Amino acid sequence: MPTIDGSRVIADLKRLAEFGRYKAGVHRPTYSQVDVESRQWLAGKFREAGLDPVIDGIGNVIGRNRQAERRLLVGSHSETQPYGGWLDGSLGVIYALELARAFAADPDCAGLGVEVAAWADEEGHYGNFLGSLSFTDALAEEEIDRIRGRDDGTLLREALERAGFSGRPRERVEPGRYLGYLEAHIEQGDTLDTSGLRIGVVETIVGIWSYRVSLIGEQNHAGTTRMVRRKDAGVAMVRLATRIHDRFPKIAGPRTVWTIGRMLIEPNAPSVIPGRAVMQVQFRDADPERLSLFEKALHELVSEANRAGPCRAEIEPTGRIEPRPMDPGFQSEIEAAAEMRAPGMHLRLPSAAGHDAAILSYRMPAGMMFIPSLGGISHHWSEDTKEDDIVLGAQVFADAAHRILRTAG
Ligand SMILES: [Zn+2]
């Protein structure tokens, strides 16, 4: 069995968190100077681990393993959310690095090994999952031409140029090179933490369906327009939003979540009746039938709003990420590894957040393992996990990788 070095894992995580350190967390947007420096540092660590590192044309850092005959691809993303946590993404990258070292050090693991990936821009500073999409042939050059940064509108091409990555080839998945892809991550939710469990075995990465709902009324003077004559798009939006929040709980599964995260009214002035209002509605579940049910309900509510008047309601889909089940065999091996090291302290659960593993799962069997997030806090600089859980997770993850590589032979 490959044996991990817990203090080395913690030390490397702390070192990686120095790139863009912010309070107890990290501010490391994709292609920023600190992000580029951290990727170069990672490439150096991959080399020390006996891997052959390359930073490719989209910023992925891939540590090629030329020795192993049977390989798993293992990794996560290395940039952070703005003023985000030190473990989101980084944990999976450092675990992957530690696996490379642990396998190389164990004579019993001869011929078995991992290739390590630090994906670029899973967090969507330019576009969600850019690195893993690029690696799996799902990111066209024309898209790279078009994409701009979500904060300042910088062209992705310019950002790549500044980072020193443009002109480099993009690494692509080689069919048959891997038995599959494994990713470790903090849970980000509070399921493990509140139940006192230590390892999560991800069954499915949830689907996310999103819509833009527009209400069209009549912009007019807030003093001279009598109430009976008004077509107030703001009122129509608030009413519809309330109906959505009343209806959805009636059809929800135990883990369905929904969010109206953005609302705009035009012209958004105190003495003008809003002529137009737009809200973005999103829901997530692991079950495609549940998602269809929600979509049907949302369409019905929009139709009802149209019948009730006086404003017109329109709906258009803006995004549809389908649920991605994780490989059942990988789930069993992660669970068996968890049972060895932490009997009875593990749980199968869906991932309510998106991950690179969902993208990779279109090209190879994929599996994910979670460790607890203290208080379920993530995408915030205070995000944290107990050191014991980080160390245990690394060993369970290594055991799981070993089980998969061994049984596949
Ligand atoms: Zn993440």
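The structure displayed is predicted, hence computed values, not measured ones. Numbering of ligands and ligand atoms starts at 1, following listing order. Note that the numbering runs from 1 along the sequence shown for the chain.
- Side-chain polar atoms of W258 and H245 form a donor-acceptor pair below 3.5 angstrom.
- Only protein N, O or S atoms were considered, and those under 2.8 Å from the Zn ion (ligand 1) are H77 NE2, D88 OD1, H185 NE2.
- The salt bridge (Lys or Arg N to Asp or Glu O under 4.0 Å) contacts involving residues 293-308 comprise R247-E300, R247-E304, E295-R320, K296-E300, where partners must be two or more places apart or lie in separate chains.
- Under the ring-ring contact (aromatic ring centres under 6.0 Å, His included) criterion, F129 pairs with no residue at all, not counting sequence neighbours.
- Among residues at least two apart or in separate chains, ring-ring contact (aromatic ring centres under 6.0 Å, His included) pairs with a member in residues 32-70 are F19-W41.
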Subject >> Worked verdict on E322 versus R324 for salt bridge (charged side-chain N to carboxylate O under 4.0 Å, His left out) >> reply: CA-CA 6 Å; E322 301 297 344; R324 293 299 297 168; over 6 Å; no
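- Across every non-hydrogen atom of A342 and H346, the tightest pair is O-CD2, 3.7 Å.
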